[in-house]
Amino acid sequence: MIHLSKHQLFSLMFLFEVGSTSVFALGIDAKQDAWIVILLALLIGLGFVWIYTELQSAFPDKNYVEIILIVLGKKLGIPLILLTLLGCFWHSARNLREFGELIIITVLPETPLLFINFIFLLVIIYVLFKGVEVLARASEIIMPAIVVFMLSLCILVYISGDVDFTNLTPILGDGIKPVLKTLPSLVVFPFGEMFVFLMYWNYANEKKVVRKTAMKAAFYSGILLCITVVMDITVLGAKYVSIATVPLVETIRLINIGNIITNFDAIGVIILFFGGFFKMSIYINAAVLILNTLFKIKKHNKLTIIFVSIFLLWFAIVFEPSYVFHQWMFPFDVHYFAVVYTNIAPLLLLIIYKIKKKRSEL
């Protein structure tokens with residue numbers, strides 16, 4: 001049996017939520033009000049975390065696949081499970097392509113995309129072969145380092161004297177409409193993605209603290225993402241942030257204290273690497289768990305991991321012809337596809353479960 005402590009779960013969820021999202025400027029379509037979008041999305045996201053954990057608390061020893069089958073039965077449940085499986089594949093493949101492209105852009109411009117993605121997947125496969133507990137213990141070590149890195153960068157950027165808080169004004173200069181228009185995408189990404197932990201919460205040693213731990217992870221990661229976006233905008237300006245490929249790296253490059261403390265690009269790459277690593281590992285392992293649970297595979301778990309990884313490598317290279325296409329797909333992803341299995345499906349499941357429970361008590 002796999003057993004995860006509350007601290008291990010917190011570390012996994014925190015790193016998953018931060019993931020590679022800290023590299024991008026979330027909500028920048030709202031320009032200088034991007035930080036407001038993040039805070040509003042965080043509040044709504046906490047509501048969805050409550051929904052996910054409420055569903056889990058009803059079936060504390062079951063994973064998401066088992067919960068779906070109990071609530072909906074096989075005829076309705078299996079299509080939803082397959083959609084969720086496709087979602088995990090989809091997110092994993094897009095994250096893999098994203099990671100590879102950004103590594104090429106930032107540090108290895110002459111390296112083939114296929115080679116970068118292959119090496120990255122090999123590392124993930126190796127860790128997943130060791131098991132979820134090893135991944136969780138690694139997250140306990142890496143999480144404090146990521147937090148220290150991010151906060152240190154904010155301090156160094158401020159000391160460098162490049163921060164201009166007037167870049168955050170005028171607040172709501174274009175009204176509330178741009179904020180509301182951008183809000184739904186952030187509710188799905190990254191906060192709605194917390195649904196994937198419905199495949200992990202049944203491993204918790206302390207079932208009663210799952211909700212509290214998940215809420216704390218979502219809250220602290222949301223605040224960190226908000227701080228990061230504020231840093232990017234105050235340094236680069238909202239207009240430049242909106243067109244920059246990797247705003248965080250561009251911000252870090254400006255750190256220069258007395259021509260002595262400079263060249264911190266490597267820290268941005270480290271954050272990028274570990275964020276992408278944990279996010280992809282959690283999604284890939286969730287896909288493996290879904291397959292194993294659905295088809296009742298108790299052995300050959302390593303073969304499932306290899307199968308999923310090979311498919312992802314092929315999909316990430318073949319399906320998306322370019323990084324521009326990757327970015328173009330984002331609105332479709334969050335508004336029409338991911339929202340179904342990240343937000344709508346868990347909510348409907350909880351409603352159906354509550355109705356069934358109330359009827360059985362009559």
Side-chain angles (χ1 to χ4, degrees), residues 9 12-13 16-17 19 21 41-95 183-204 210-211 214-215 217-218 222 279-280 282-295 308 329-360:
L9 277 174
L12 282 173
M13 288 186 284
F16 176 82
E17 284 293 284
T21 52
L42 173 58
L43 290 176
I44 299 173
L46 290 175
F48 278 101
V49 172
W50 184 91
I51 291 170
Y52 305 149
T53 51
E54 183 70 9
L55 198 57
Q56 184 66 56
S57 64
F59 307 94
D61 297 315
K62 305 292 184 183
N63 64 30
Y64 193 37
V65 173
E66 294 168 324
I67 292 171
I68 291 173
L69 292 175
I70 292 171
V71 175
L72 297 181
K74 287 187 176 181
K75 288 185 178 180
L76 293 176
I78 289 178
L80 178 56
I81 292 169
L82 293 177
L83 177 63
T84 305
L85 175 63
L86 178 61
C88 289
F89 276 131
W90 178 260
H91 282 291
S92 299
R94 284 180 62 77
N95 285 333
L183 183 61
S185 62
L186 267 71
V187 173
V188 177
F189 173 80
F191 301 109
E193 292 181 299
M194 186 73 85
F195 88 97
V196 76
F197 282 94
L198 282 161
M199 294 300 300
Y200 294 91
W201 284 328
N202 61 306
Y203 296 137
V210 165
R211 172 172 294 164
M215 289 283 191
K279 192 150 197 171
M280 276 196 59
I282 290 167
Y283 263 129
I284 291 174
N285 193 67
V288 171
L289 290 173
I290 291 172
L291 285 170
N292 288 345
T293 306
L294 182 60
F295 296 105
V308 170
M329 284 292 294
F330 180 75
F332 165 80
D333 190 7
V334 295
H335 291 298
Y336 305 105
F337 180 51
V339 67
V340 176
Y341 56 83
T342 59
N343 299 109
I344 297 174
L347 176 60
L348 292 178
L349 275 174
L350 183 60
I351 292 172
I352 294 170
Y353 165 72
K354 293 291 186 181
I355 292 173
K356 282 188 172 182
K357 184 181 179 182
K358 191 173 183 179
R359 285 182 176 178
S360 65

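Computed from a predicted model, the values in this text were never measured in an experiment.
When the ring-ring contact (aromatic ring centres under 6.0 Å, His included) test is applied to Phe195, the partners found at least two apart in sequence or on another chain are Tyr341. In this view, Lys354 and Glu54 satisfy the salt bridge (charged side-chain N to carboxylate O under 4.0 Å, His left out) rule, not counting sequence neighbours.
For the atom pair CD1 (Ile51) and CD1 (Ile351), the distance works out to 8.0 Å, reported to the nearest 0.5 Å. A distance of 9.0 Å separates OH of Tyr64 from CD1 of Ile290, quoted to the nearest 0.5 Å. With rounding to the nearest 0.5 angstrom, the CG atom of Leu291 is 9.0 Å from the CG atom of Leu82. One distance of note links CD1 of Ile81 with CG of Leu69; it measures 4.0 Å at 0.5 Å rounding. Within the model, atoms CD1 of Ile68 and CG of Leu80 stand 4.0 Å from one another, a figure rounded to the nearest 0.5 Å. Note: Leu76 CG to Ile352 CD1 = 8.0 Å, rounded to the nearest 0.5 Å.
With contacts defined as side-chain heavy-atom distances shorter than 4.5 Å, the pair Leu46/Leu42 qualifies. Annotation: side chain of Phe48 is not in contact with side chain of Met194 (no heavy-atom distance under 4.5 Å). Residues Cys88 and Val196 meet the side-chain proximity criterion, which asks for heavy atoms closer than 4.5 Å. Side-chain contact between Met13 and Phe197 is present, with at least one heavy-atom pair separated by less than 4.5 Å.
For the pair Tyr52 (side chain) and Thr342 (backbone), a donor-acceptor distance under 3.5 Å is present. A donor-acceptor pair under 3.5 Å is formed between the side chain of Thr53 and the backbone N or O of Trp50. Looking only at distances, a side-chain donor or acceptor of Gln56 sits under 3.5 Å from a matching main-chain atom of Lys62. Here the side chain of Tyr200 pairs a donor or acceptor atom with the backbone of Ile282 at under 3.5 angstrom.
Closest non-hydrogen pair, Leu183 versus Ala41, comes out as CD1-N, 3.3 Å. Contact between Phe16 and Glu193 at its shortest, heavy atoms only, is CE2-O, 3.4 Å. Minimum interatomic distance between Ala287 and Val308 (heavy atoms only, all atoms of both residues): CB-CG1, 4.5 Å. Smallest separation of non-hydrogen atoms from Pro190 and Glu17: O-OE2, 3.0 Å. What you find for Ser57 and Arg211 is that their closest heavy atoms are OG-NH2, 4.5 Å.
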side-chain contact (heavy atoms from CB on, under 4.5 Å) assessment of Val49 paired with Phe191: CA-CA 8 Å; Val49 172; Phe191 301 109; over 6 Å; no
Verdict with reasoning, Tyr353 to Leu349, per side-chain contact (heavy atoms from CB on, under 4.5 Å): CA-CA 6 Å; Tyr353 165 72; Leu349 275 174; over 6 Å; no
